[in-house]
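For reference, the structure is listed below as structure tokens.
Keep in mind that what you see is a predicted model, and the values were worked out from it rather than measured.
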Amino acid sequence: MQTTIQDLGRQGLQQYGVVVSGAMDPFALQVANLLVGNQQDEAALEIALMGPELDVLSPAVIAIGGADLSPAVNGKRAPMWKSFRVQKGDRITFGRPLSGVRAYLAVAGGYDVPVMMGSKSTYERAHFGTVIKKDMVINGFHVHSRPGVGLSQAAIPDYHNQTSIRVVPGPELDRFTDEGIRSFYNDTHTISPESDRMGYRLERTEIPHKHNADIWSDAVPLGTIQVPANGQPIILMADRQTTGGYNRIATVISVDIPKVAQLPPGSKIRFYPVNVHEAQRRAMEERDFLRVLAYRSHPPPL
């Protein structure tokens, strides 16, 4: 359906109008890379809903994280969140989505694709990066890696019923009515079919502004929730524009971005406010988890 090469995006270039892009689920991308011994910001295949069929042309160690899209090797179920070896002639396929919508396939050594502005990430609108197409050969860098490294069951994200999304209140709260703010937190939102890597449109009763929806264009980090004039919120995702001109009611905290990214259209979500300190604490917990995983997966030589 849509398979692209993504890493953690083009960081530090928004001031020049360059879109960040990168993985919609940064946690799954980083874990898949660490399981095969890569740096956590290496690029991987981001596979949306319906996966490709991939013929293995040389032996490799791979790992698949993120959504469970029923991966298989030669027709037999492949493990998730665990590195394993594939051989020349193997065929990797995907089937029915069981949980989540985006899977990440990392290969030990990474993919040999062009680096543009410091990143391998794909941004289709600007023709940056690599979109996977029929009969394409995807080259990789062959390195030795130890298979069999995986997450414990307790550490594997559960993408079922991820309806509670934590947010930090936005900078334009004073431009919304008290009723509008209450309804934003108390009401249920439905993810619209008109959602993509740029943003998730939400359907709900109108959130009223005090006057109008427009502001001077300002920065929009990952997870910004804008409310345009129609009162229907939009969560800005990986391919978001560099600035936005609508009132920002909240921002999804970084550790909950994967929850949003793995929800299919029609999913119901609700928002819960937390302060910046809580958001930072959760982010540091995730950072520490990834550091420990990197060490345990491939400890430095004695």
Checklist entry - Does the side chain of Asn186 pick up a donor-acceptor pair with the side chain of Arg270 at under 3.5 Å? => result no
Item to check | Residue pair Met117, Phe128: steps toward the side-chain contact (heavy atoms from CB on, under 4.5 Å) verdict | outcome: CA-CA 10 Å; Met117 301 183 190; Phe128 290 171; 4.0 Å; yes
Checklist entry - Taking C-beta and beyond as the side chain, do Tyr200 and Met237 meet within less than 4.5 Å on heavy atoms? => result yes
Item to check | Pairwise distance OG1(Thr243) to CG(Asp218) - rounded to 0.5 angstrom | outcome: 8.0 Å
Checklist entry - OG1 of Thr224 to OH of Tyr246: how many Å apart, nearest 0.5 Å? => result 14.5 Å
Item to check | Residue Gln11 excluded, over 12 heavy atoms near CD under 6.0 Å | outcome: yes
Checklist entry - Can Val31 and Leu293 be said to form a side-chain contact (heavy atoms from CB on, under 4.5 Å), step by step? => result CA-CA 8 Å; Val31 170; Leu293 177 62; 4.0 Å; yes
Checklist entry - Atom CG of Asn247 and atom CZ of Arg175: how far apart are they, to the nearest 0.5 Å? => result 4.5 Å
Next on the checklist: Contact between Pro221 and Gln14 at the side-chain level, heavy atoms closer than 4.5 Å - yes or no?
Outcome noted: no
Checklist entry - Can you tell me if Ser267 uses its side chain to pair, donor with acceptor, with the backbone of Leu263 under 3.5 Å? => result no
Item to check | Heavy-atom closest pair, residues Ser21 and Asp239 | outcome: OG-OD1, 2.9 Å
Item to check | Nearest heavy-atom neighbours spanning Ala32 and Ala63 | outcome: O-CB, 3.8 Å
Checklist entry - Going by an N to O cut-off under 4.0 Å, is there a salt bridge joining Arg281 and Glu278? => result yes
Checklist entry - With hydrophobic residues grouped by side-chain heavy-atom distances under 4.5 Å, do Met198 and Leu222 end up in a single group? => result no
Next on the checklist: For a side-chain contact (heavy atoms from CB on, under 4.5 Å) check, start with the C-alpha distance between Leu236 and Gln226, then their side-chain angles and the critical distance, and finish with the verdict.
Outcome noted: CA-CA 8 Å; Leu236 300 183; Gln226 293 184 317; 3.9 Å; yes
Item to check | Residue pair Gln262 / Asp25, side-chain donor-acceptor N/O under 3.5 Å | outcome: yes
Next on the checklist: Is the shortest side-chain heavy-atom distance between Ile225 and Val167 below 4.5 Å?
Outcome noted: yes
Checklist entry - With a cut-off of 6.0 Å (strictly less than), are more than 12 heavy atoms of other residues, nucleotides or ligands near CD of Gln15? => result yes
Next on the checklist: Please check this pair: side chain of Asn212 against backbone of Asp214, looking for a donor-acceptor N/O pair closer than 3.5 Å.
Outcome noted: yes
Checklist entry - Can you check whether Lys268's main-chain N or O pairs, donor with acceptor, with Thr190's side chain at less than 3.5 Å? => result no
Next on the checklist: Testing the basics here: between Ala67 and Gly100, what is the closest heavy-atom pair and its distance to 0.1 Å?
Outcome noted: CB-C, 3.3 Å
Item to check | Separation between CG of Leu45 and CD1 of Ile5, rounded to the nearest 0.5 Å | outcome: 4.5 Å
Next on the checklist: How close do Val220 and Gly244 get, counting heavy atoms only, and between which atoms?
Outcome noted: CG1-N, 3.7 Å
Checklist entry - Thinking salt bridges, do Asp196 and Arg125 make one under a 4.0 Å N-O criterion? => result yes
Item to check | Side-chain donor-acceptor pair present, Glu124, Gln2, cut-off under 3.5 Å | outcome: yes
Checklist entry - Which pair of heavy atoms, one from Ala283 and one from Ser254, lies closest together, and at what distance? => result CB-OG, 3.8 Å
Item to check | Test item: side-chain donor near acceptor, Asp158 and His160, under 3.5 Å | outcome: yes
Checklist outcome for this item: On a heavy-atom basis, the closest approach of Leu49 and Pro97 is O-CG, 3.7 Å
Item to check | Minimum side-chain heavy-atom gap Arg10-Val20 below 4.5 Å | outcome: no
Item to check | Side chain Arg91, main chain Gly75, donor-acceptor under 3.5 Å | outcome: no
Checklist entry - How about Glu172 and Ile215: do any of their side-chain heavy atoms sit closer than 4.5 Å? => result yes
Item to check | Backbone of Thr130 reached by a side-chain donor or acceptor of Thr122 within 3.5 Å | outcome: yes
Checklist entry - Is the count of non-hydrogen atoms from other residues, nucleotides or ligands lying under 6.0 Å from Glu206 atom CD greater than 12? => result yes
Checklist outcome for this item: The reported gap from CD in Gln280 to CG in Asn275 (rounded to nearest 0.5 angstrom) is 9.0 Å
Next on the checklist: Less than 4.0 angstrom from a charged side-chain N to a carboxylate O is my criterion; do Arg282 and Asp256 meet it?
Outcome noted: no
Next on the checklist: Looking at Ser195 and Arg201, would you say the former's side chain and the latter's main chain have a donor-acceptor pair under 3.5 Å?
Outcome noted: yes
Checklist entry - Donor-acceptor pair, Arg102 side chain versus Ala261 backbone, under 3.5 Å? => result yes
Item to check | side-chain contact (heavy atoms from CB on, under 4.5 Å) evaluation trace for Tyr104 with Ile47 | outcome: CA-CA 6 Å; Tyr104 295 85; Ile47 301 165; over 6 Å; no
Next on the checklist: Other members of the hydrophobic cluster containing Val255, with the 4.5 Å side-chain heavy-atom rule, please.
Outcome noted: Val168, Ile253, Val274, Val276
Checklist entry - Do the side-chain N and O atoms of Thr177 and Lys210 include a donor-acceptor pair separated by under 3.5 angstrom? => result no
Next on the checklist: Applying salt bridge (charged side-chain N to carboxylate O under 4.0 Å, His left out) to Asp187 and Arg204, what does each step give before you reach the verdict?
Outcome noted: CA-CA 8 Å; Asp187 294 350; Arg204 48 151 300 128; 3.1 Å; yes
Item to check | Side-chain heavy-atom pair Val107, Val36 within 4.5 angstrom cut-off | outcome: no
Item to check | Donor-acceptor side-chain pairing of Asn139 and Asp112 below 3.5 angstrom | outcome: no
Checklist entry - In terms of ring plane angle, is the pair Phe271 and His189 parallel, tilted or perpendicular, where the classes change at 30° and 60°? => result perpendicular
Checklist entry - Thr188 side chain to Ile269 main-chain N or O, any donor-acceptor pair under 3.5 Å? => result no
Item to check | Leu69 with Ile138, same ILVMFWY side-chain cluster at under 4.5 Å | outcome: yes
Item to check | Any donor-acceptor N/O pair, Arg291 side chain to Glu286 backbone, under 3.5 Å | outcome: no
Checklist entry - Without hydrogens or angle criteria, can the side chains of Gln6 and Glu46 be said to hold a donor-acceptor pair below 3.5 Å? => result no
Checklist entry - What side chain to side chain donor-acceptor pair (under 3.5 Å) pairs are there with at least one residue in residues 56-76, not counting sequence neighbours? => result Asp68-Arg77, Asn74-Asp90
Next on the checklist: Contact between Ile234 and Pro228 at the side-chain level, heavy atoms closer than 4.5 Å - yes or no?
Outcome noted: yes
Checklist entry - Quick check: are there more than 12 heavy atoms from other residues, nucleotides or ligands sitting under 6.0 Å from CE of Met50? => result no
Item to check | Straight-line distance of Tyr185 OH to Ile249 CD1, nearest 0.5 Å | outcome: 6.5 Å
Item to check | Flag side-chain contact, heavy atom, 4.5 Å: Arg248 against Val227 | outcome: no
Checklist entry - Do Ile62 and Val143 belong to the same hydrophobic cluster, where Ile, Leu, Val, Met, Phe, Trp and Tyr are linked whenever their side-chain heavy atoms lie under 4.5 Å apart, directly or via other members? => result no
Checklist entry - With distance as the sole test, does Gln40 use its side chain to make a donor-acceptor pair with the main-chain N or O of Leu34 at under 3.5 Å? => result no
